[in-house]
Amino acid sequence: MAHLTQNPADKERFICVYPVYINSKKTLAEGRRVPTDKAVENPSCAEIRDVLTAAGMNVYVENKMHPREWNRDVQFRGRVRVQIKEADGTPCQDKFTSRRDVMFYVAEMIPKLKTRTQKSGGGDMSSQQNEGGKKSKKKKK
């Protein structure tokens with residue numbers, strides 16, 4: 001399909017980043033594009049958007065699905081469009097010269113988000129409470 005415009009600053013020329021591209025649970029055949037050791041477990045469009053917005057990128061989210069995604073659940077919906085080039089063809093930021101740079105950056109930063117770090121802390125607390133509950137049941141017997 002021919003592009004309607006040659007201007008890299010138009011929204012239709014922004015690059016697409018699907019969560020599948022950086023999902024460690026997916027195989028290469030299912031659409032993952034980064035190595036498993038650098039990928040993130042089940043990223044969402046909101047997390048990708050937050051990371052790129054914080055980096056100062058021009059970003060917007062579309063309600064689309066990756067063609068290889070078989071699960072039609074809301075959690076797996078969405079794609080993020082990112083502007084990496086200005087109208088004159090120069091990169092918007094020096095650290096993002098290609099779509100590969102963007103994907104590696106997002107995969108590196110998502111685990112550092114507050115929502116990701118709080119979830120792991122909450123899981124530890126609930127497991128400690130369960131252990132305490134088990135100990136008190138043993139005392140009653």
Quiz prompt | Leu28 to Arg68 - nearest heavy-atom pair and separation | solution = O-NH1, 3.7 Å
Exercise. Grab the two heavy atoms, one from Val34 and one from Met103, that are nearest each other, plus how far apart they are.
Key: CG1-CB, 4.1 Å
Quiz prompt | From CZ (Arg33) to CZ (Arg100), nearest 0.5 Å | solution = 11.0 Å
Exercise. Taking the side chain as every heavy atom from C-beta outward, state whether Pro35 and Phe104 have any atom pair closer than 4.5 Å.
Key: yes
Quiz item: Roughly how far, to the nearest 0.5 Å, is OG1 of Thr36 from CD1 of Ile22?
Solution: 13.0 Å
Practice problem: Kindly give the heavy-atom pair with the smallest separation between Cys16 and Tyr21, and that separation in Å. | Solution: O-CE1, 3.5 Å
Practice problem: Just jot down the side chain to side chain contact (heavy atoms under 4.5 Å, CB included) partners of Arg49, sequence neighbours excluded, or say none. | Solution: Ala46, Thr53, Val59, Val61
Practice problem: Taking atom CG of Asp94 as the centre, report whether more than 12 heavy atoms of other residues, nucleotides or ligands fall under 6.0 Å from it. | Solution: no
Exercise. Could I get the full list of salt bridge (charged side-chain N to carboxylate O under 4.0 Å, His left out) partners for Lys38, not counting sequence neighbours?
Key: none
Quiz item: Can any side-chain N or O of Gln93 pair as donor or acceptor with the backbone N or O of Ala55 at less than 3.5 Å?
Solution: yes
Practice problem: Report the residues that fulfil salt bridge (charged side-chain N to carboxylate O under 4.0 Å, His left out) with Glu62, sequence neighbours left out, ordered by chain and then residue number. | Solution: Arg79, Arg81
Quiz prompt | Minimum-distance pair of heavy atoms, taken over all atoms of Pro43 and Ile110 | solution = CB-CD1, 4.0 Å
Quiz item: Transitively linked via ILVMFWY side-chain contacts under 4.5 Å: Ile15 with Val51?
Solution: yes
Quiz item: Would you say the side chain of Met57 lies within less than 4.5 Å of the side chain of Gln83, judging by non-hydrogen atoms?
Solution: no
Quiz item: According to a 4.5 Å side-chain heavy-atom criterion applied to Ile, Leu, Val, Met, Phe, Trp and Tyr, with indirect links allowed, do Val82 and Met109 form part of one hydrophobic cluster?
Solution: yes
Quiz item: Under 4.5 Å between any side-chain heavy atoms of Val102 and Val17, yes or no?
Solution: yes
Quiz prompt | Nearest heavy-atom neighbours spanning Thr117 and Pro111 | solution = CG2-O, 3.8 Å
Quiz prompt | Expected output: side-chain Asn63 to main-chain Gly78 donor-acceptor under 3.5 Å | solution = no
Quiz item: What distance do Glu47 atom CD and Thr115 atom OG1 have between them, rounded to the nearest 0.5 Å?
Solution: 5.0 Å
Quiz item: Would you say the side chain of Asn23 lies within less than 4.5 Å of the side chain of Val40, judging by non-hydrogen atoms?
Solution: no
Quiz item: Would you call Glu69-Lys26 a salt bridge at under 4.0 Å N-O?
Solution: yes
Quiz prompt | Thr97 to Pro91 - nearest heavy-atom pair and separation | solution = CG2-CG, 4.2 Å
Practice problem: Determine whether Leu113 and Tyr105 fall in the same hydrophobic cluster, where Ile, Leu, Val, Met, Phe, Trp and Tyr are linked whenever their side-chain heavy atoms lie under 4.5 Å apart. | Solution: yes
